[in-house]
Amino acid sequence: MRCRKVFAVVLCLMITAAFSNVGYAGEASEESVPEEHLYVPILMYHHFIKEELPKGNYGASITMAKFDEDMRYLEHNKYTPLLPQDLKAIKEGKMKMPKKPIIITIDDGYESAYTIAYPVLKERGMKAAVFAIVGSVENPRKSEIKKLNWKQMREMYESGVFDIQSHSYNLHNQDLNGQYKKFQVNGIQKGLIECRAQYNLRVEQDIVKSIELIEENVGNEVNCFSYPYGVYEEWGKDILERNGVLFGFGTRYGAGDFKGNLYYLNRFSVGMNTDLSGLLEQ
């Protein structure tokens, strides 16, 4: 009987101790289990136009009115925009993640980021990262939608509204007007018969050139890379890492997980029919 009483007391103490270590949402705990994921919404835009198109075939473009509507929503709902420099500070523990973070990205570096998006962002107190195709800045083509120039990008960066980051120097199949090529090499994708040395020579030269030109002509640090066509490659990740890039941005639909693979952060592509409130509050 005595043994049974002792066993009962020990069992009771074990159960009490176990439940005392359970952490609940919103409850501080000294030994709380760290979260497995930290999802942050990342918005992906491309090109901006002033007026609506008659036939409504917008593709990756949105109107100034739609962009202003999106930024107004973020402003009114007290989202805190984060730039690449903020992401680095958070990663290094020098800054805390805000309660309602938002990352606004603009791919390809079209001039409309300066003429249309820039004034809207300033008015709404928002900030964005532009991922520039640097080869198109250095050697613009008349057949392409007009791209940003270095003077514009420097002004955008110095305003505190933008950071300029890399979308490669020339890994966008310029011979096909930037179109994705099936069964061929796209972006940092590894070629079928490409060895590691060949891959490094082709991809690293391009990425390093884009980083050096942005830092030289704009002045901001390049620590983010947007994958051409959203194509990810482990060999490419190694190249980015050794050249100071801390974050890679893809095109897979979803929120970026800042406790997952930082070299492939998902993004939400935003178009004319995107309901930003529904997307962010789901």
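Residue numbers count from 1 along this sequence. Note that the structure is predicted; figures quoted are calculated from it, not measured.
- Looking at D107 and M44, their side chains come closer than 4.5 Å, going by heavy atoms from C-beta outward.
- Counting only heavy atoms from C-beta outward, the side chains of R141 and S136 never approach each other to under 4.5 Å.
- Across all non-hydrogen atoms, the minimal contact from T63 to M272 is N-SD, 3.4 Å.
- In the hydrophobic clustering of this structure, I104 groups with I62; members are Ile, Leu, Val, Met, Phe, Trp, Tyr whose side-chain heavy atoms approach within less than 4.5 Å, directly or through other members.
- Across all their heavy atoms, T274 and S269 have their closest contact at OG1-O, 3.9 Å.
- Under 3.5 Å, the side chains of N243 and E204 contain a donor-acceptor pair of N or O atoms.
- Side-chain contact, R267 with T105: a donor N or O sits under 3.5 Å from an acceptor N or O.
- Counting heavy atoms of neighbouring residues, nucleotides and ligands inside a 6.0 Å radius, atom CD of E51 does not exceed 12 of them.
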I'd like to know whether E155 forms a salt bridge (charged side-chain N to carboxylate O under 4.0 Å, His left out) with K151, so could you lay out the CA-CA distance, the side-chain angles of the two residues, the decisive distance to 0.1 Å, and finally the verdict. CA-CA 6 Å; E155 178 189 335; K151 182 180 179 182; over 6 Å; no
Please evaluate residues D86 and K91 with respect to the criterion salt bridge (charged side-chain N to carboxylate O under 4.0 Å, His left out), reporting the C-alpha separation (whole Å), side-chain torsions for both, the decisive distance (0.1 Å), and the verdict. CA-CA 9 Å; D86 300 320; K91 185 177 187 293; over 6 Å; no
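- Between S166 and I214, some side-chain heavy-atom pair lies under the 4.5 Å cut-off.
- We find the OH-CZ distance between Y227 and R252 to be 10.5 Å, quoted to the nearest 0.5 Å.
- Here the straight-line distance linking atom SG of C195 with atom NZ of K190 works out to 11.0 Å at 0.5 Å rounding.
- By the 30° and 60° cut-offs, the orientation of the rings of Y114 relative to Y118 is tilted.
- Under the 4.5 Å side-chain heavy-atom criterion for Ile, Leu, Val, Met, Phe, Trp and Tyr, I145 and I164 are members of distinct hydrophobic clusters.
- Between E194 and R202 there is a salt bridge, with a side-chain nitrogen of the basic residue lying less than 4.0 Å from a carboxylate oxygen of the acidic one.
- Hydrophobic cluster of L246: the remaining members, joined at side-chain heavy-atom separations below 4.5 Å, are L38, V40, I42, L82, L87, I90, M95, M97, I103, F131, F247, F249, F258, L262, L265, listed by chain and number.
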Run the ring-ring contact (aromatic ring centres under 6.0 Å, His included) test on Y253 and F268 for me, step by step, so that the C-alpha distance in whole Å, both residues' side-chain angles and the decisive distance to 0.1 Å come before the verdict. CA-CA 5 Å; Y253 192 82; F268 293 109; 5.0 Å; yes
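- Residues V218 and I207 are members of one and the same hydrophobic cluster, defined by side-chain heavy-atom contacts under 4.5 angstrom among Ile, Leu, Val, Met, Phe, Trp and Tyr.
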Show your reasoning for whether side chain to side chain contact (heavy atoms under 4.5 Å, CB included) applies to V161 and M156. CA-CA 6 Å; V161 176; M156 293 160 73; over 6 Å; no
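- Checked by atom type and distance alone, the side chain of E281 never pairs as donor or acceptor with a backbone atom of G278 at under 3.5 Å.
- S112 approaches T115 most closely through the heavy-atom pair CA-OG1, 3.3 Å.
- L279 and I106 fall within a single hydrophobic cluster, where Ile, Leu, Val, Met, Phe, Trp and Tyr side chains are chained together by heavy-atom contacts under 4.5 Å.
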What's the verdict on side chain to side chain contact (heavy atoms under 4.5 Å, CB included) for Q205 and N200, showing C-alpha distance, side-chain angles and the deciding distance? CA-CA 8 Å; Q205 280 187 349; N200 287 348; over 6 Å; no
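- Y110 and V130 fall into different hydrophobic clusters, where Ile, Leu, Val, Met, Phe, Trp and Tyr are joined by side-chain heavy atoms under 4.5 Å apart, directly or via other members.
- No side-chain heavy atom of V203 sits under 4.5 Å from any side-chain heavy atom of W235.
- Ion pair K88/D163 not flagged as a salt bridge, since none of the NZ, NE, NH1 or NH2 atoms sits closer than 4.0 Å to an Asp/Glu carboxylate oxygen.
- Side-chain atoms of D257 never come within 3.5 Å of backbone atoms of H37 as a donor-acceptor pair (strictly under, hydrogens ignored).
- Remark: side-chain polar atoms of N170 are not paired, donor with acceptor, to backbone N or O of G135 under 3.5 angstrom.
- Across M126 and L74, no two heavy atoms sit closer than the pair SD-CB, 3.9 Å.
- Nearest heavy atoms, L83 versus G160: CD1-O, 3.8 Å.
- With respect to the salt-bridge test (charged N to carboxylate O, under 4.0 angstrom), the residues E158 and R154 qualify.
- Side chains of C224 and P84 form a contact here, defined as non-hydrogen atoms less than 4.5 Å apart.
- Separating the CD atom in E75 from the CG atom in L121 is a distance of 11.0 Å, to the nearest 0.5 Å.
- Taking CG of L213 as the start and CD of E216 as the end, the distance is 6.0 Å to the nearest 0.5 Å.
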Run the numbers on K66 and D70 for salt bridge (charged side-chain N to carboxylate O under 4.0 Å, His left out), then give the verdict. CA-CA 6 Å; K66 165 61 177 166; D70 289 352; 2.9 Å; yes
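- In this model, no donor atom of one side chain and acceptor atom of the other lie less than 3.5 Å apart for H47 and D108.
- Within the 4.5 Å cutoff, the side chain of Y169 has no heavy atoms near those of the V208 side chain.
- To the nearest 0.5 Å, atoms OH (Y263) and CZ (F225) are separated by 12.0 Å.
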Given the rule in the side chain to side chain contact (heavy atoms under 4.5 Å, CB included) test, do K147 and E111 qualify, once you have shown the distances and angles that lead to the verdict? CA-CA 5 Å; K147 297 295 201 301; E111 190 182 45; over 6 Å; no
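- In this structure, the side chains of E221 and E215 come closer than 4.5 Å at one or more pairs of heavy atoms.
- Rounding to the nearest 0.5 Å places CD of Q85 at 12.0 Å from NZ of K94.
- For S210 against S168, the heavy-atom pair with the smallest separation is CB-C, 3.7 Å.
- Around the NZ atom of K146, the shell of radius 6.0 Å holds no more than 12 heavy atoms that belong to other residues, nucleotides or ligands.
- The six-membered or imidazole ring of F162 lies away from that of Y157, with a centre-to-centre distance of 6.0 Å or more.
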Quick one: do V120 and R72 satisfy side chain to side chain contact (heavy atoms under 4.5 Å, CB included)? Show the steps, please. CA-CA 9 Å; V120 171; R72 188 168 64 247; over 6 Å; no
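- The closest side-chain heavy-atom distance from Y264 to T251 is below 4.5 Å.
- In this pair, Y79 and Y73 present their aromatic rings tilted. The plane angle is within the 30 to 60° band.
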